[in-house]
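Owing to the predicted nature of the structure, the values given are computational and were not obtained by experimental measurement. We name chains A, B, ... by the order of the sequence lines, and we start the count at 1 in each one.
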Amino acid sequence: MFEQGMLLLVGEAFLETLFMTLVSTFFAYVIGLPLGMLLVVSDKDGIYPIVSLNKIFGVIINFIRSVPFLILLVAIMPITKIVVGTIIGPKAASLALLVAAGPFVARLVESSLKEVDKGVVEAAQSMGASPFQIMTKVLLPEATPSLLLGFAIAVTTILGYSAMAGICGAGGLGAIAINYGYYRGDKEIMYVMVVLLVLIVQVFQELGTRISRHSDKRM
Amino acid sequence: MEEKEAMIQLRGVCKRFPQKKDTIEVLHNIDLDIYKGEIFGIIGLSGAGKSTLVRCINLLERPTTGQVFLDGVELTSLGEKELRAQRHSMGMIFQQFHLLMQKTALENVMFPMKISGVPKAKAQERAKELLELVGLSERMLSYPAQLSGGQKQRVAIARALATEPKVLLCDEATSALDPNTTAGVLSLLKDINERLGITIIVITHEMSVIQKICSRVAILDGGDIAEIGSVEEIFRSPKTQVGRELVFHDGEKKEAYVGHVPYCYRTVFKGDSANEPILGNMMIEYGAPVNILSGNTRNIKGGVFGQMILQFPEDAEVRGKMIQYLRDRKVEVEEVEYV
């Protein structure tokens with residue numbers, strides 16, 4: 001169906017997409033994990049309530065989360081220009097990916113940590129555990145299966161973002177789908193890209209679900 | 001009662017929870033002494049403030065006003081860090097166990113030691129001993145989800161004992177367990193109290209739990225201590241309405257009962273008077289029947305007690321004589337308003 005040059009292009013784009021997704025996810029967690037923990041800890045029913053701080057971060061996160069990714073990508077271009085030096089290419093797109101994915105991951109982490117039974121936290125407090133010990137020795141270990149499920153969701157969502165980032169020349173499968181499929185009207189290539197993206201999502205989701213289930217000792 | 005050294009002292013403890021419009025006061029000015037080495041029961045109907053009271057002892061809830069002392073140390077004056085250190089000497093178990101679900105029984109028991117900085121090898125050794133003490137050494141590597149309710153509570157007890165506490169707080173520890181398992185857990189608590197000399201505080205809504213293991217009991221009603229005394233005293237002659245409800249009907253709603261019936265008396269027979277057919281002899285002697293409305297037998301620390309609610313004859317003279325007859329035979333007789 002494809003000539004060899006096209007196959008090479010697709011192979012390269014596939015790796016680009018994987019790379020972009022995983023690196024962005026990694027940095028999204030570098031930001032999102034502590035932010036999510038902070039949201040849980042500082043909550044009014046949390047283990048170290050700081051309600052004003054919690055409110056401020058909550059509003060900022062909601063603000064970013066409510067902007068569709070494609071709009072965000074364009075909207076922060078002036079900032080991207082200053083920080084990255086250019087508004088096109090994978091580097092430029094990765095900043096937008098980070099800005100969008102960080103708060104998203106923070107919410108995922110927050111909801112996982114909040115699933116932990118309040119009674120277990122109370123029990124740890126009754127033993128004299130400090131807020132830091134409760135976070136590291138109770139909340140994170142107890143929430144691990146849920147955090148892993150959240151990770152799978154994060155990867156697949158960021159994969160979707162990275163495909164959208166193809167519009168600003170970020171490369172990857174999304175860029176091929178847009179450049180060849182959309183701009184040139186080559187539907188065949190577009191469908192192949194869609195199938196490939198779907199496959200990646202399936203693999204990550206299935207992997208995440210399995211690892212999560214395997215790590216969960218509640219059943 | 002002889003002078004005893006206090007382990008826990010509450011002085012003027014109030015707890016108010018701010019609501020949207022006003023505040024709700026859950027505990028009013030509680031004064032309470034719990035002695036070293038005793039098993040002390042706190043009983044009350046739901047909503048009486050029992051759980052709040054026990055949480056005020058280890059300051060999971062800070063009292064709004066008042067002082068809490070643990071073995072002479074005023075907990076209410078301590079900062080967070082010192083308070084955490086003091087909490088190592090108070091274990092607590094819960095109705096829903098609250099075990100770490102992602103950790104094995106052994107890791108759960110090691111957990112409080114990990115928190116207080118005990119070296120891992122030592123913690124593991126002690127955790128194994130404790131699991132043996134509660135009879136679970138062969139389930140050491142099981143996760144909580146693989147254990148039954150009773151086994152989970154045993155793990156929780158071992159965990160609570162890990163830091164060698166002076167006090168063990170039990171918040172409705174048997175309320176989620178079936179009667180057989182409850183009996184097992186209660187006798188384990190009693191055993192721990194006797195063997196290790198740990199002061200135990202039991203919160204419950206079931207009189208039967210108090211009867212099985214407690215030496216003294218406080219009845220909590222609407223945020224006040226309605227009655228306090230030895231379990232035997234409270235059982236033989238509860239002085240308050242709520243006390244009677246708990247003792248007569250084990251806290252069940254009295255609406256389910258007959259209602260007001262005239263000439264009703266509650267009689268309490270001690271175990272040794274059971275050999276003589278006192279009631280039968282009394283009815284033959286005075287030639288008048290009495291109506292037995294309810295009766296049961298309870299096992300209390302001091303021995304076996306039988307209680308009966310009797311309706312005596314209308315004739316005041318015969319009634320008086322009958323009551324005197326019973327009192328002469330060391331049967332406690334007390335008029336009751338409802339059945």
Side chain, backbone, both or neither of A:Q133 within contact of chain B (heavy atoms, under 4.5 Å): side chain
Chain A interface, residue from B:K103, B:Q96, B:H88 that has the most non-hydrogen pairs under 4.5 Å: B:H88
Which of B:N58, B:L100, B:L59, B:L99 touches chain A most, by non-hydrogen pairs under 4.5 Å: B:L100
Residue selection (most heavy-atom pairs with chain B, distance under 4.5 Å) from A:V116, A:V121, A:D117, A:D216: A:D216
Cation-pi geometry met for B:K15 and B:F17 (6.0 Å, 45°): yes
Under 4.5 Å from a heavy atom of chain A, the part of B:L83 involved: neither
Non-hydrogen side-chain atoms of B:P63 and B:T76 separated by less than 4.5 Å: yes
B:L75 and its side-chain contact (heavy atoms from CB on, under 4.5 Å) partner, picked from B:I8, B:I57, B:V68: B:V68
Spatial distance of atom NZ (B:K122) from atom CD (B:Q124) [nearest 0.5 Å]: 14.0 Å
Proximal component of B:L60, with respect to chain A [non-hydrogen, under 4.5 Å]: side chain
Contact origin within A:S130 toward chain B - heavy atom pairs under 4.5 Å: both
Any donor-acceptor pair under 3.5 Å from B:K114 side chain to A:K137 backbone: no
B:M101 portion near chain A, given a 4.5 angstrom heavy-atom threshold: both
Centroid separation A:F132 to A:Y48 less than 6.0 Å: no
Plane angle bin for A:Y161 and A:F69 - parallel if under 30°, tilted between 30 and 60°, otherwise perpendicular: parallel
B:P112 versus chain A, the contacting section by heavy-atom distance below 4.5 Å: both
Chain A interface, residue from B:R87, B:K81, B:Q102, B:M90 that has the most non-hydrogen pairs under 4.5 Å: B:Q102
